[in-house]
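Along the sequence shown, residues are numbered consecutively beginning with 1. Atoms within a ligand are numbered from 1 in the order they appear, just like the ligands themselves.
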Amino acid sequence: MEDPVRRGQSGSVRAKPPVWQKGKVVGIIVETPETNTLQIEVPDPTPFLPGQYYNIRIPIEGRPRPIQRAYSIGSSPFPNYSVVDVGIRETPGGLVSPRLVRESFVGQELEVRGPYGAFTWTEQDGGPVLLIGAGSGVVPLMAMIRYQVSKGLSTPMHLLFSSKGYEYVIYRDDLERLESENGWLTVSHAFTRAPGDERCRYHRRIDKEMISEVFHEIDPKVAYLCGPPEMVEESEKVLLGLGMPEEAVKTEKYD
Ligand SMILES: Cc1cc2nc3c(=O)[nH]c(=O)nc-3n(C[C@H](O)[C@H](O)[C@H](O)COP(=O)(O)OP(=O)(O)OC[C@H]3O[C@@H](n4cnc5c(N)ncnc54)[C@H](O)[C@@H]3O)c2cc1C
């Protein structure tokens with residue numbers, strides 16, 4: 001399949017403008033008690049970059065039009081960008097995510113449109129790379145990690161990942177395996193609601209001390225922050241305070 005990183009003479013990525021299409025759910029992976037990966041086959045796919053997202057829209061009873069939400073792609077575009085894995089965490093009381101997590105089934109048709117977003121990493125962005133994610137904010141960061149694996153690259157990457165506890169760690173088994181198989185990947189878990197659990201490095205929310213510690217260990221040249229707006233904004237401030245240039249700190253906020 002064509003390499004997704006297609007650059008024109010100007011250096012910009014050429015892509016077809018996204019249109020709504022009927023994707024098909026070809027697989028469902030239960031990641032945690034509240035998060036599922038939906039593997040969606042896109043009939044007319046556009047090459048995407050690691051870190052980008054798709055919009056998904058579904059009809060909701062009582063609403064005149066379908067309701068759309070953004071979901072990051074957690075899979076690598078290489079070698080196959082025609083099936084996208086979106087990782088969806090159920091937001092309690094939400095309109096769309098509980099339906100996608102609880103009611104989706106293999107064979108289901110879902111309207112999708114993408115890819116979108118400038119929160120992307122490829123080998124051209126260099127490293128070492130500091131990835132900071134909270135909850136489902138890990139999804140686009142995982143795409144970057146999986147892309148490295150699929151391309152056989154070895155840019156140093158460190159993932160600082162905040163979850164409620166061990167059973168809520170999205171991609172837990174995959175991360176454990178990838179870290180043990182690849183010397184370039186290290187992972188620090190922070191559990192916010194699991195005091196005494198020794199399977200994590202930190203027992204609190206992501207904060208200044210934690211970021212500084214990890215920062216000095218890996219000396220990142222680029223950083224990618226994804227998750228709730230407050231976490232992303234606070235972490236960005238810390239990294240700028242530690243001397244990272246603004247253009248080296250990329251953010252994606254899950255509003
Ligand atoms: C670029 C981008 C990428 C994203 N990627 C992902 C991803 O990979 N995985 C993921 O899980 N999420 C992702 N998100 C978040 C996702 O798009 C949705 O915002 C999320 O799933 C919640 O949508 P929802 O329809 O379930 O909840 P919503 O209906 O939007 O509700 C959100 C919250 O607001 C509350 N609420 C709603 N209406 C009211 C009201 N009238 N009064 C008070 N409270 C109210 C709900 O109870 C709920 O807690 C991403 C967001 C962005 C912007």
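Here the protein heavy atom with the shortest distance to atom 8 (O) of ligand 1 is S72 N, 3.0 Å. Nearest protein heavy-atom contact of atom 53 (C) of ligand 1 is K253 O, 3.6 Å.
Any N or O atom pair closer than 3.5 Å counts here, and V96 shares at least one such pair with ligand 1. Between A70 and ligand 1, at least one N/O pair is under 3.5 Å apart.
Contacts of D255 with ligand 1, taken as heavy-atom pairs under 4.0 Å, involve the backbone alone.
Within a 4.0 Å radius of atom 39 (C) of ligand 1, the protein contributes no non-hydrogen atoms.
Minimum heavy-atom separation, H189 to V169: CE1-CG1, 3.5 Å.
Formation of a donor-acceptor pair under 3.5 Å by the S150 side chain with backbone atoms of Y147 is found in this model.
No heavy atom of R99 sits closer than 4.0 Å to any atom of ligand 1. Using a 4.0 angstrom heavy-atom cutoff, P140 does not count as in contact with ligand 1.
The structure places CD of Q108 at 12.0 Å from NZ of K22, a figure rounded to the nearest 0.5 Å.
Judged by a 6.0 Å distance limit and a 45° cone about the ring axis, K250 is not positioned over the six-membered ring of F119.
Ion pair E61/R99 flagged as a salt bridge, since at least one NZ, NE, NH1 or NH2 atom sits closer than 4.0 Å to an Asp/Glu carboxylate oxygen. Between R146 and D174, at least one side-chain N (NZ, or NE/NH1/NH2) sits under 4.0 Å from a carboxylate O, which counts as a salt bridge.
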- [ ] Begin from the C-alpha positions of E213 and K208 and carry the test side chain to side chain contact (heavy atoms under 4.5 Å, CB included) through to its verdict.
- [x] CA-CA 9 Å; E213 213 164 277; K208 189 174 171 182; over 6 Å; no
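Here atom 6 (C) of ligand 1 lies nearest to Y254 when heavy atoms of Y254, F119, Y53, Y116 are compared. When the heavy-atom distances from atom 30 (O) of ligand 1 to R69, M142, E252 are ranked, the shortest goes to R69. Of the options G74, G94, P92, the smallest heavy-atom separation from atom 49 (O) of ligand 1 is shown by P92.
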